[in-house]
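Just so you know, these numbers use all the heavy atoms, side chains as well, and skip hydrogens, waters and symmetry mates. Everything numeric in this text was worked out from a predicted model, so none of it was measured. Numbers here simply count residues along the sequence, with the first being 1.
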Amino acid sequence: MDYLNGLNEQQKEAVLAKDGPVLIIAGAGAGKTKTITHRILHLIKEGVAPRNILAITFTNKAAREMKERVEKIMKEDKSLNFPVNTFEKPFVSTFHSLGVHILKENARVLGLTRNFSIMDRQDSTKIVKDVLKSLDIDPKQFEPGKILNIISREKGEINSPENYSQTAGKGFTLSGVVAKVWPIYETKLREEKALDFDDLLLKAYLLLKNHKDILEKYQELWKYIHIDEYQDTNKVQYKTARLLAEKYKNICVVGDVDQNIYSWRGADIQNILDFEKDYPDAVVILLEQNYRSTQTILAVANKVIAKNKNRKEKNLFTKNIEGEKVSFFKAKNETEEARFIARKSKELIEKGTDPKEIAVLYRANFQSRVIEEAFLTESTPYQVLGTKFFDRKEIKDILSYLKASLNPESLSDIKRIINVPTRGIGKVTILKIFGGEKEKLPAGVKEKVDAFFILLGKIKKASEDLKPSDVIKFIITESGIEKDLMNGTDEEKERLENIKELATLATKYDHFMLSDGIEKLLEESALTTDQDSLEKNDNAVKLMTIHASKGLEFEYVFIAGLEEDLFPHQPIGKAERTPEEEEEERRLFYVALTRAKIKLFLTYSETRTIYGSQQYNMPSRFFADIDNEHLEEENFEYREKIIYLEW
């Protein structure tokens, strides 16, 4: 078994545990992806057909990495004797992509077409905002994003608008407004033959639960199931996995209780803690050897997380070097803190560190502003995680042309692009079109509207005949967007470059059957996450929240803002944290610590301006969890440059 070479004993045990339920508790940096991919290879070598294997993870980045590694080791193993480039492959995806796959294969059962629209976060928020306005409710008083968060959480709990309204508050309370908005929001989605992110999970689950024949089909197809990051599953994901694994019970879940940091969006830590209750004959394997960090970093991380009570006991160890001590820096204010981080990053880069191997992590998004200013002052390249390529206006415009051509009932897409570029079609005209009064329009206006819908027809035909990249080029030219932006400002020319980059991106789907390629492109555009933005502007220091850093690793990590009430975070309006919140904040710090491979820098500020007022801060309680032998203080003298101009 040559493919077992390079695995430690616990990894081998996990790989060889073929049948029945398996729980792998995998610590940070413990080689879990390697373990899962080799386990999949072992199943295939044992006679399991690749098509009978399902592997689910949480981010597109993780799914792509796992898929590439599985295919690579399958190709390299000559004993499998698969024809080159034609062999079957396991189904590796995120939970959301799995939902899309199941729903598209069974779209008719749900009264949908394969080309149903997927509303991204921006699209859904806009619909909620429109619904609020239609109810004469001020979107400034009841924030659409907050309402959408509640709807999302309820869908993750497999709740419905009808059930929610029975326990919601009355009148203009937040829950009362949600109860009014949610049913209308669902009606809008149905009218547009569209689903939002949470529907991809909820409707797929309900489809399996309510249609025994469809469930049996997938149970027979995916006889061996793997789920990564199991500690982050919510109720609908947990129940979907239970349904799929119900017949054969060949379910292998991988996770780490100590890295459960998403309870605010529905992740239930009990799903992994109760796995042995759900499957009493489960094999439990601990992966504790860390291949990422130094001994010092792990000693600090182990000491910090040991204070949590609601966890499965484990202790990470490594054969790596002892490594440097953890540096800490006490700043007078947030400006000095930011300048220290930027200056130290610059020093590391000048000594040969790749900028992309440096990360600055913080608890709250607002912290990034002053840090960005410091990096600009130091002329050090940086990238803030979260500016998604597919969120750019010009990219959404092109994709709306494509989506509207395939799904003419997608009113949101049509509204978005009917006057892009300007065609002289005003809001009143749009209202008449959607009100079924198109024939009553003045002749000149009707001609423009007809020309627009003829264009959509041409795009639909192109999507049936051309490769995805050529379809994008067709839209860019035929819509008039290229001509409109080409002669514009520098900013507009940059938008045109972004659009052309979309055509380049689309080439990776050119090898699919024509309609499949377009579907895959639209699916990727809808399901991208913040981490996907890291693939752009690669050679820069990364700035991100700790939540966004999950699953990533860097040589050097700065953790900023380690102050009481900022980290651990104190929710606004609450007198104190619950024990559960205390433990989650500690898990979040543990995740931040274990992102680092070589060196950690911890910083805090004695004063910080928040909401316009200066606050005096105590150092975070997390400092008390770190032994002095592992800490060293950084000295840094910050002086603001004063430039005198001679008149």
Side-chain angles (χ1 to χ4, degrees), residues 113 115-134 139 144-145 148 184-185 187-197 387-436 438 441 445 448-460 462-463 471-472 474-485 488 491-492 495-496 498-499 501-503 506 518 521-528:
T113 67
N115 295 317
F116 62 80
S117 296
I118 301 172
M119 294 289 181
D120 65 19
R121 179 78 183 182
Q122 285 185 12
D123 298 330
S124 294
T125 304
K126 187 176 185 312
I127 293 175
V128 170
K129 187 176 182 180
D130 290 343
V131 173
L132 285 169
K133 287 179 178 178
S134 73
L148 190 61
I184 304 172
Y185 171 72
T187 300
K188 296 281 186 188
L189 292 179
R190 280 194 299 273
E191 287 173 354
E192 299 199 25
K193 292 283 194 292
L195 302 178
D196 66 16
F197 261 31
T387 308
K388 291 189 284 185
F389 178 72
F390 288 112
D391 277 350
R392 297 177 186 274
K393 178 191 178 299
E394 59 271 22
I395 302 302
K396 289 176 77 75
D397 288 344
I398 295 294
L399 293 173
S400 280
Y401 269 105
L402 184 52
K403 291 192 285 183
S405 73
L406 298 173
N407 179 11
E409 294 177 80
S410 180
L411 303 186
S412 294
D413 287 310
I414 292 172
K415 276 184 190 176
R416 182 180 186 93
I417 43 98
I418 196 169
N419 212 30
V420 177
T422 304
R423 296 185 174 88
I425 301 175
K427 290 183 178 178
V428 175
T429 302
I430 294 171
L431 287 172
K432 286 185 178 179
I433 295 169
F434 294 143
K438 186 173 134 185
L441 294 171
V445 177
K448 292 175 184 176
V449 171
D450 287 341
F452 169 75
F453 283 100
I454 288 169
L455 171 62
L456 292 185
K458 288 180 180 177
I459 294 170
K460 185 176 190 302
S463 70
V471 175
I472 299 300
F474 181 86
I475 295 171
I476 293 170
T477 304
E478 293 298 314
S479 65
I481 288 177
E482 182 177 41
K483 184 179 178 182
D484 187 57
L485 296 178
E491 184 181 338
E492 286 172 325
R495 287 167 57 196
L496 181 59
N498 289 334
I499 289 171
E501 177 64 21
L502 177 63
I518 291 292
L521 171 62
L522 290 176
E523 183 181 323
E524 177 181 346
S525 71
L527 300 183
T528 51

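Remark: Glu478 pairs with no residue by the salt bridge (Lys or Arg N to Asp or Glu O under 4.0 Å) rule, at least two apart or across chains. Applying the side-chain hydrogen bond (donor to acceptor under 3.5 Å, both in side chains) criterion to Lys188, with sequence neighbours excluded, gives no partner residue. Asp413 is linked by a side-chain hydrogen bond (donor to acceptor under 3.5 Å, both in side chains) to Ser400, Ser410, counting only residues two or more places apart in sequence or in another chain. Partners of Lys126 according to the side-chain hydrogen bond (donor to acceptor under 3.5 Å, both in side chains) rule, which considers only residues two or more places apart in sequence or in another chain, are Asp130. Shown here are the side-chain hydrogen bond (donor to acceptor under 3.5 Å, both in side chains) partners of Ser412, two or more places apart in sequence or in another chain: Glu192. Taking Asp450 as the reference, Lys438, Lys446 meet the salt bridge (Lys or Arg N to Asp or Glu O under 4.0 Å) condition, with sequence neighbours excluded.
Taken from OG1 in Thr477 to CD in Glu482, the straight-line distance is 4.5 Å, to the nearest 0.5 Å. How far CD1 of Ile475 is from OH of Tyr401: 9.0 Å, rounded to the nearest 0.5 Å. With values rounded to the nearest 0.5 angstrom, Lys415 atom NZ is found 8.5 Å from Ile430 atom CD1. Remark: Ile417 CD1 to Leu399 CG distance equals 11.0 Å, nearest 0.5 Å. Between atom NZ of residue Lys193 and atom CG of residue Leu406 there is a gap of 15.0 Å, rounded to the nearest 0.5 Å. The distance from the CG atom of Asn498 to the CD1 atom of Ile398 is 11.0 Å, given to the nearest 0.5 Å.
Within the 3.5 Å criterion, the main-chain N or O of Ile425 finds a donor-acceptor partner in the side chain of Asn419. Proximity of a side-chain donor or acceptor of Arg392 to a complementary backbone N or O of Ile499 within less than 3.5 Å is not detected.
Taking both residues in full, the closest heavy atoms of Phe474 and Ala462 are given as CD2-CB, 4.0 Å, listed atom of the first, atom of the second, then distance. Leu132 and Pro144 make their closest contact through CD1-CG, 3.9 Å (heavy atoms, listed as atom of the first residue, atom of the second, distance). What you find for Ser479 and Leu455 is that their closest heavy atoms are CA-CD2, 3.9 Å. Between Ala194 and Met119 the shortest heavy-atom distance is CB-CE, 3.8 Å. For Ser463 against Val471, the heavy-atom pair with the smallest separation is CA-CG2, 3.7 Å. Contact record, Arg416 with Lys393: NH2-O, 3.4 Å, taken as the closest heavy-atom pair.
Remark: the Arg190 side chain and the Thr187 side chain contain an N/O donor-acceptor pair separated by less than 3.5 Å.
Using a 4.5 Å cut-off on side-chain heavy atoms (C-beta onward), Asp484 and Val420 make no contact. No side-chain heavy atom of Lys129 sits under 4.5 Å from any side-chain heavy atom of Thr125. Counting only heavy atoms from C-beta outward, the side chains of Ile433 and Ile414 never approach each other to under 4.5 Å. At least one side-chain heavy atom of Ile472 sits less than 4.5 Å from a side-chain heavy atom of Leu521. Residues Ile518 and Leu402 are in side-chain contact: their nearest non-hydrogen atoms beyond the backbone lie under 4.5 Å apart. Side-chain atoms of Asp123 and Ile127, non-hydrogen and from C-beta on, never get closer than 4.5 Å to each other. At a threshold of 4.5 Å between non-hydrogen side-chain atoms, the residues Lys396 and Asp120 count as touching.
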Asn115 vs Leu522, side chain to side chain contact (heavy atoms under 4.5 Å, CB included): CA-CA, chis, key distance, verdict: CA-CA 9 Å; Asn115 295 317; Leu522 290 176; over 6 Å; no
What's the verdict on side chain to side chain donor-acceptor pair (under 3.5 Å) for Ser124 and Asp196, showing C-alpha distance, side-chain angles and the deciding distance? CA-CA 7 Å; Ser124 294; Asp196 66 16; 4.7 Å; no
